[in-house]
2 protein chains.
Amino acid sequence: MKKASLSDIALRLGVSKTLVSFVLNGKAKEYRISDDICQRVMDVAKELNYTPNRIAQGLRTGHTKTIGLIIADIANPFFGKLGREIEQEAARYGYNIIFCSSDENPEKSAQQIAMLQQSQVDGFIISPPINSEDQIRTLAKGQIPFVLIDRFFPEIDCNHIVVDNFDAAYTATKHLLSLGRRRIANITLNLDLANMKDRTDGYKQALRDASIEVDENLVKVLPFSHENKDVALAINELLGKKDDLKADAILFSTSKIGIMAIECISSLGLKIPDDIAVVSFDNTDAYKICVSPVTVIGQPLKEIGKTAMQILLNEIKHPGVKVKTQKVTLKTEFIVRKSCGS
Amino acid sequence: MKKASLSDIALRLGVSKTLVSFVLNGKAKEYRISDDICQRVMDVAKELNYTPNRIAQGLRTGHTKTIGLIIADIANPFFGKLGREIEQEAARYGYNIIFCSSDENPEKSAQQIAMLQQSQVDGFIISPPINSEDQIRTLAKGQIPFVLIDRFFPEIDCNHIVVDNFDAAYTATKHLLSLGRRRIANITLNLDLANMKDRTDGYKQALRDASIEVDENLVKVLPFSHENKDVALAINELLGKKDDLKADAILFSTSKIGIMAIECISSLGLKIPDDIAVVSFDNTDAYKICVSPVTVIGQPLKEIGKTAMQILLNEIKHPGVKVKTQKVTLKTEFIVRKSCGS
DNA sequence: TATTTTCGCTAAATCGATTTAGTAAAAAAT
DNA sequence: ATTTTTTACTAAATCGATTTAGCGAAAATA
């Protein structure tokens, strides 16, 4: 027994499928279908267990009620939680999410965008990898609404939602300074990503404002696809020196870096915060139960996800209406725990 | 400028869209399209930047190259990592993943299954919540292939991939016993879930095999939607007693429980493993940098995801061919760290 | 030369919905 | 009694692909 279609119901009742469509879409009144027929259609629909074929609807109407989500890695709790918020908000309006992990790889994201376009998604939410400017520019010229999250390209005018990374890093660094740390390091990712650059800029500015010269040896920039050994190397370079050259604090620009780094620090037998203070971006679970719970910069994931969907749904609902692009910058939350001492 | 369709190419060249379809699907030889026309079709396709409309293809062919994934919560790193593996394997074959978080809520999962069916997914991968037996049974009667992961219902004959939970818990408990622990507790979730039940059963069996009577006061069963306070209560009941009634070790049946519990234990000023030894299911990042890195039962996420997709794709490729249902049980990996002492 | 085969291609049905334009019959208005 | 309006519905186009059946011309065979 295969799925019932509109025609099946129409055939069964000897009416047109137009009528059936009207009834099942709640347009019975509008098209003055008689109450009697109306009821019978609904009865048969229930009896045959009819559900609309969204693919057919999509072909005809041009919208699929599907959103494409491209992030770096759904296995990364930061993106996982963000994905969850987006899913939740989308579900409220009957939208599904197709997710793609780009691994920060622009070729992958290009291919994923293409595939999602072929799947006729109604919109995109993208956390664009480095060197994907062209893809985003092309997207901006097209008809499909999209919103960038987590990062953006300052030179491209399009919707995006980010946090105030500069301010967050500035605050975190000032916090370390206030606790007497002077040789504060920063481990970050490829600085071509706007959000990463802002974090390091904020860190540097805080140092400068405290009249401390920025020591470029204390800024470690990892490749996108960083692994344990990359982090280990950076940690060794920061901590394996003579006392007065050694770092006494580190700001991690992502939690993925931070977790690897803390693992590494522990295995060196060093204690946080006594030997080294740490602060990290992203309030991930791991930091709560850490050797010394980590002071973090928490991002408003719920708000990011919700706002992104809202902007997207609004554009989807009003196609062609070119409203001003939405550029939202949200505040982070600085959560002090024990990893910086006191 | 909107997207080019087959007809656009056909019109431009003054040929039929049948021909264009043949050429672009690599059937030119088979239908003996002349090389000349063939080339011109491809040129125009490129010029117009043609990409097929998967929705239209889906309507006509009946398959959408889309898989529905229903798990408890994509923000939970366990499911996030699993999702990632599934996505990766799916992508290799040109399949997209629509994900849905059920929150272990059967009403939600029922609705999600319905929605995904309407979206004409080619198959499902589901981690079924408690009380969703009927949904799965209905699914089993239908035509759409599916695979259960993480848990299954013993009484329903369908594809599933799980790990040997009994054995894993047994091993973990024996490990604790071998280190001299005697009052070993277990914090778990609603035991109606087959995987949770197996874990607790394995734990109990290990105790019995060591001639230790199972003390039901040491088994704490949390509600599905457990929060910090539920875990805190359980921990208090286990550790807030006189010395000889107190637990000296705990097996956490999920990492979500474990993380909350360890946070709670720390806040009580207790030390792991001195005051209390812990072992947990799931090798989540948090456990690596924990106060005392946690000994865990790691699940073969890559293999689970890969196998699930393989089984699914095989059934999708051979519809109607009712092969034997695949019931796979994979081994876990016991990773000893420092949380049990020595 | 007549017939068959091959070649190169096309018409049209189909998937399952939505939607525009319209129609026949009944009721209301003139 | 005629016209107009309303009522209750339907036919057919459409979205963009796939696929079956078949057609006319050229080439091969008889």
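Predicted, not measured: the structure shown is a model, and the values here were computed from it.
- Each end of the helix from C/dT1-D/dA30 to C/dT30-D/dA1 gets its own axis from five base pairs, and the two axes differ in direction by 70°, given to 10 degrees.
- For the atom pair B/Asp157 CG and B/Lys324 NZ, the distance stands at 9.0 Å (nearest 0.5 Å).
- Using a 4.5 Å heavy-atom cutoff, the side chains of B/Ile67 and B/Ile125 are in contact.
- Between the B/Asn96 side chain and the B/Thr66 main chain, no donor and acceptor come within less than 3.5 Å of each other.
- The outermost nucleotides of DNA chain C lying under 4.0 Å from heavy atoms of chain B, listed 5' to 3', are C/dC7 to C/dG16.
- Contact check for A/Arg54 versus B/Met115: side-chain heavy atoms found under the 4.5 Å cut-off.
- At least one side-chain heavy atom of B/Thr51 sits less than 4.5 Å from a side-chain heavy atom of B/Lys3.
- Between A/Phe22 and A/Tyr31, the ring-plane angle classifies as parallel under the 30° and 60° cut-offs.
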Is there any protein nitrogen or oxygen under 3.5 Å from a nitrogen or oxygen in nucleotides 7-9 of chain D, and what are the pairs?
{"residue": "D/dA8", "atom": "N7", "partner": "A/Arg32", "partner atom": "NE", "Å": "3.4"}
{"residue": "D/dC9", "atom": "OP2", "partner": "A/Ser34", "partner atom": "N", "Å": "2.6"}
{"residue": "D/dC9", "atom": "OP2", "partner": "A/Ser34", "partner atom": "OG", "Å": "2.8"}

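- Side-chain contact between B/Asp36 and B/Arg40: present, with at least one pair of heavy atoms (C-beta onward) separated by less than 4.5 Å.
- Residue A/Ser5 is in sugar-phosphate contact alone, with no base atom involved, counting any heavy-atom pair closer than 4.0 Å across all strands shown.
- Side chain of A/Ser101 to backbone of A/Asp103: no donor-acceptor contact under 3.5 angstrom is found.
- Of the residues near DNA chain D, A/Arg60 and B/Tyr50, the one whose nearest nucleotide (by heavy atom distance) lies more toward the 5' end is A/Arg60.
- Side chains of A/Ile161 and A/Leu148 form no contact here, defined as non-hydrogen atoms less than 4.5 Å apart.
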When you look at B/Lys302 and B/Glu89, which way does the salt bridge (charged side-chain N to carboxylate O under 4.0 Å, His left out) test go after all the steps?
-> CA-CA 9 Å; B/Lys302 179 162 231 100; B/Glu89 191 64 14; over 6 Å; no
